[in-house]
Amino acid sequence: MEKISLSALVASLAVKSGCTAAESESFVKGFFNVISESLEAGEAVKVPGLGTFKLVPIENRKSVNITDGSDITIPGHNRIVFVATREVAEKINKPFAIFNSVELESGIDESILNELNVEKGEREIEEYENNIPTNNIDEDIKEDSQEIVGSKDVTSDTDYIEEPVDSLADSVCQKNSSGRWKFLVGFACGLLLALVVSLFLYSYFLSDDASILGNLISKRENKILIENGESHLPDSVIPSSNIQEIKSDTGMPEVDTQPSQIIVYDTIGAHRYLTTMAQDHYGNFNLWPYIYEENKAFLGHPDRIKPGTRVVIPSLQKYNVDAQNPDDIKEAKKLGYEIYRRYSE
Amino acid sequence: MDNKKFIDRLSEILDIDKSETDKLANDLCEIIVEKVAEGDSVVIPSFGNFEPRKKMERIVVHPSSGKKLLVPPRLTISFRASGNLKAKVKYEGNNQEKTD
């Protein structure tokens with residue numbers, strides 16, 4: 001924003017009107033002198049092409065002396081106010097002329113109101129009737145008081161200014177709290193939803209098998225397989241007459257281990273490994289290599305078996321293994337190492 | 001003092017015809033308004049300055065109908081009197097003692 005000096009103004013006038021510089025200068029000075037004169041005499045002035053300069057009386061105001069804290073009264077005085085003519089105002093507002101006031105729905109979101117100033121409409125409307133000025137007064141009041149004493153009581157001078165300020169404060173407070181409240185409710189709902197979803201997912205992934213299908217099938221199968229119910233019982237599920245026969249899927253190797261044709265299946269899961277199965281079926285997790293060996297045709301690296309892979313749980317008798325025999329456990333361990341060694345080459 | 005009186009007074013002081021002062025006054029005002037519209041402030045020593053001001057949009061409640069209006073942002077011209085002038089007009093009558 002540039003500052004146009006008096007001389008610049010004078011020069012522009014001379015150019016525009018065609019008068020001399022001296023004439024222009026005396027005119028401009030005279031122009032403003034007349035206005036000052038009138039104001040000094042206590043009379044408002046209407047200047048064509050500009051607006052009205054007028055005096056507004058301001059009442060006494062109690063305040064505090066900043067230096068010693070003593071009470072002070074700011075005496076009543078006059079303040080100068082300028083109100084532009086409608087034409088001038090429109091000219092200045094030209095860039096924003098395309099915008100018009102918009103009537104708001106009654107159910108407008110109150111959060112919008114938080115950000116905007118809310119004022120009594122009366123003042124807004126009267127402004128155009130060339131009466132009560134708005135911003136000017138508030139600013140001048142602040143300036144005024146600071147000049148004298150630097151008072152903290154800056155808000156109001158006359159009644160009609162005080163009113164809107166109070167209502168503004170009230171309305172802003174109210175709208176603030178209700179907007180905030182709505183936000184909190186929304187946030188709480190979102191949090192609750194997230195909690196429910198995570199619980200759901202958690203339960204899913206914590207289940208024995210990662211794949212949903214595998215989960216369903218294996219559960220059903222395990223139920224059928226094991227009379228005792230749960231497939232993760234420590235007691236080994238050794239093929240016994242309790243176990244019923246099951247049909248196997250096509251493509252899955254069926255091993256005829258017993259004359260009684262009992263086939264035990266289990267499925268690799270996110271938390272169900274060969275060791276887990278060995279623990280469950282044999283009672284000792286170290287016996288996992290036998291499960292591996294039984295299914296090695298389609299198993300790759302023992303640590304990288306895809307969840308959902310169904311394996312046959314052979315009977316330990318097939319491998320001449322006794323779960324209780326510590327030597328057999330040692331053997332099993334050795335077999336485990338051997339299996340790993342196959343993949344390290 | 002209304003417009004007419006102002007022009008009269010001005011021509012009186014400057015000793016120029018009224019039509020002349022009228023024209024000059026118009027020209028001067030046009031220049032001032034133009035400058036402010038361009039975003040510059042016009043400073044008159046011992047008088048004050050004219051500045052452009054931007055006002056934010058706001059919601060206005062029509063007191064009688066209770067309707068809410070959204071008033072868009074606006075540019076206005078604002079006048080700030082100089083200390084000199086303010087002092088002159090502060091108290092009614094020049095002879096009054098000031099209590100500063």
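Given the structure is predicted, the values throughout are model-derived calculations rather than measurements. Chain letters run A, B, ... following the sequence lines, proteins first, then strands; residues in each count from 1.
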Go through Asp2(B), Leu28(B), Ile13(B), Leu14(B) and name the one with the most non-hydrogen pairs under 4.5 angstrom from chain A.
->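 Highest number of pairs under 4.5 Å: Leu28(B).
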Partners passing side-chain contact (heavy atoms from CB on, under 4.5 Å) against Leu75(B) (at least two apart in sequence or in another chain)
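Counting only residues at least two positions away or on another chain, Leu75(B) forms a side-chain contact (heavy atoms from CB on, under 4.5 Å) with Ile92(A), Asn93(A), Pro95(A), Phe96(A), Lys54(B).
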Given that the side chain runs from C-beta out, which part of Pro45(B) has a heavy atom under 4.5 Å from chain A: side chain, backbone, both or neither?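 Answer is side chain: those atoms of Pro45(B) sit under 4.5 Å from chain A.
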Discussion item. Do Pro48(A) and Ile7(B) have side chains that approach each other closer than 4.5 Å (heavy atoms only, starting at C-beta)?
Written reply: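 The answer is yes; the side chains approach within 4.5 Å.
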query: Can you find a heavy atom in the side chain of Asn100(A) that is under 4.5 Å from one in the side chain of Pro72(B)?
result: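 Counting from C-beta outward, Asn100(A) and Pro72(B) never come under 4.5 Å.
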If you measure from the Lys or Arg side-chain nitrogens to the Asp or Glu carboxylate oxygens, is any gap between Lys16(A) and Glu30(B) under 4.0 Å?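 A salt bridge is present here (some side-chain N lies under 4.0 Å from a carboxylate O).
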Task: chain A contact via Ser64(B) - which portion, at a heavy-atom distance below 4.5 Å - done: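 Nothing of Ser64(B), per the 4.5 Å heavy-atom cut-off to chain A.
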Ser12(A) OG to Glu34(B) CD distance, which is reported to the nearest 0.5 Å: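 Here the interatomic distance stands at 8.5 Å.
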>> For the CD1 atom of Ile4(A) and the CG atom of Asn49(B), what is their distance to the nearest 0.5 Å?
In response: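 Here the interatomic distance stands at 12.0 Å.
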Got a second to check how far Asn33(A)'s CG is from Leu10(B)'s CG, nearest 0.5 Å?
->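 Reported value, rounded in 0.5 Å steps: 9.5 Å.
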Side-chain heavy-atom pair Ile44(B), Leu9(A) within 4.5 angstrom cut-off:
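Answer yes - side chains close enough.
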Search all heavy atoms of Ala25(B) against all heavy atoms of Phe27(A) and return the closest pair with its distance.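 Shortest heavy-atom separation between Ala25(B) and Phe27(A) comes out as N-CZ, 3.3 Å.
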Item to check | Residue among Gly66(B), Cys29(B), Ser41(B) with most heavy-atom pairs under 4.5 Å to chain A | outcome: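 The answer is Ser41(B).
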Exercise. Relative to the ring of Phe50(B), is the ring of Phe32(A) parallel (under 30°), tilted (30 to 60°) or perpendicular (over 60°)?
Worked result: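 It falls in the tilted class, 30° to 60°.
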| Rounded distance (nearest 0.5 Å) linking atom CG of Leu24(B) with atom SG of Cys19(A) |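 Answer for the CG-SG pair, Leu24(B) versus Cys19(A), is 5.5 Å.
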Taking the side chain as every heavy atom from C-beta outward, state whether Leu85(B) and Ile80(A) have any atom pair closer than 4.5 Å.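 In contact.
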Relative to chain A, which segment of Lys5(B) carries a heavy atom at a distance below 4.5 Å: side chain, backbone, both, or neither?
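The side chain, not the backbone.
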Looking at every heavy atom in both Asp40(B) and Glu2(A), which two are closest together, and how far apart are they?
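The pair with the smallest heavy-atom distance is OD1-N, 3.1 Å.
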#### Entry: Ser101(A) OG to Ile59(B) CD1 distance, which is reported to the nearest 0.5 Å
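Here the rounded value is 11.5 Å.
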For this session: Take atom CG of Asp15(B) as the centre, draw a 6.0 Å sphere, and report whether it contains more than 12 heavy atoms from other residues, nucleotides or ligands.
Result: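 Not buried by this count: 12 neighbours or fewer within 6.0 Å.
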Once you round to the nearest 0.5 Å, how far does CZ of Arg74(B) lie from CD of Glu90(A)?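 Between Arg74(B) CZ and Glu90(A) CD, I get 11.0 Å after rounding to 0.5 Å.
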Exercise. Step by step, work out the side chain to side chain contact (heavy atoms under 4.5 Å, CB included) result for Ser78(B) and Phe82(A).
Key: CA-CA 7 Å; Ser78(B) 99; Phe82(A) 169 73; over 6 Å; no
Glu43(A), CD atom: more than 12 neighbouring heavy atoms under 6.0 Å: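 Above 12, so yes.
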ask   = Are Phe6(B) and Phe31(A) an aromatic pair by the rule of ring centers under 6.0 Å?
value =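 Yes.
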**Prompt:** Considering only heavy atoms, which portion of Leu55(A) lies under 4.5 Å from any heavy atom of chain B: side chain, backbone, both, or neither?
**Reply:**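 When you check distances to chain B, only side chain atoms of Leu55(A) fall under 4.5 Å.
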Looking only at non-hydrogen atoms, find the nearest pair between Gly49(A) and Val33(B) and report the distance.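 That closest heavy-atom pairing would be O-CG2, 4.0 Å.
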Grab the two heavy atoms, one from Tyr91(B) and one from Gly76(A), that are nearest each other, plus how far apart they are.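 Closest approach of Tyr91(B) to Gly76(A), heavy atoms only: CE2-O, 3.4 Å.
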Test log, rule side chain to side chain contact (heavy atoms under 4.5 Å, CB included), inputs Ser17(A) and Lys23(B): CA-CA 8 Å; Ser17(A) 63; Lys23(B) 183 177 164 294; 3.9 Å; yes
Could you have a look at Gly42(A), Ala41(A), Ser36(A) and say which one has the most heavy-atom pairs with chain B under 4.5 angstrom?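 It is Ser36(A).
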Which heavy atom of Asn3(B) sits nearest a heavy atom of Lys46(A), and at what distance?
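It is OD1-O, 2.9 Å.
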- Message: Regarding Glu37(A) and Arg9(B), does a basic nitrogen lie under 4.0 Å from an acidic carboxylate oxygen?
- Response: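 So Glu37(A) pairs with Arg9(B) through a salt bridge.
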**Prompt:** If you take all heavy atoms of Pro52(B) and Met1(A), which pair is closest and at what distance?
**Reply:**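 Nearest pair, atom of Pro52(B) first, then Met1(A): CD-SD, 3.7 Å.
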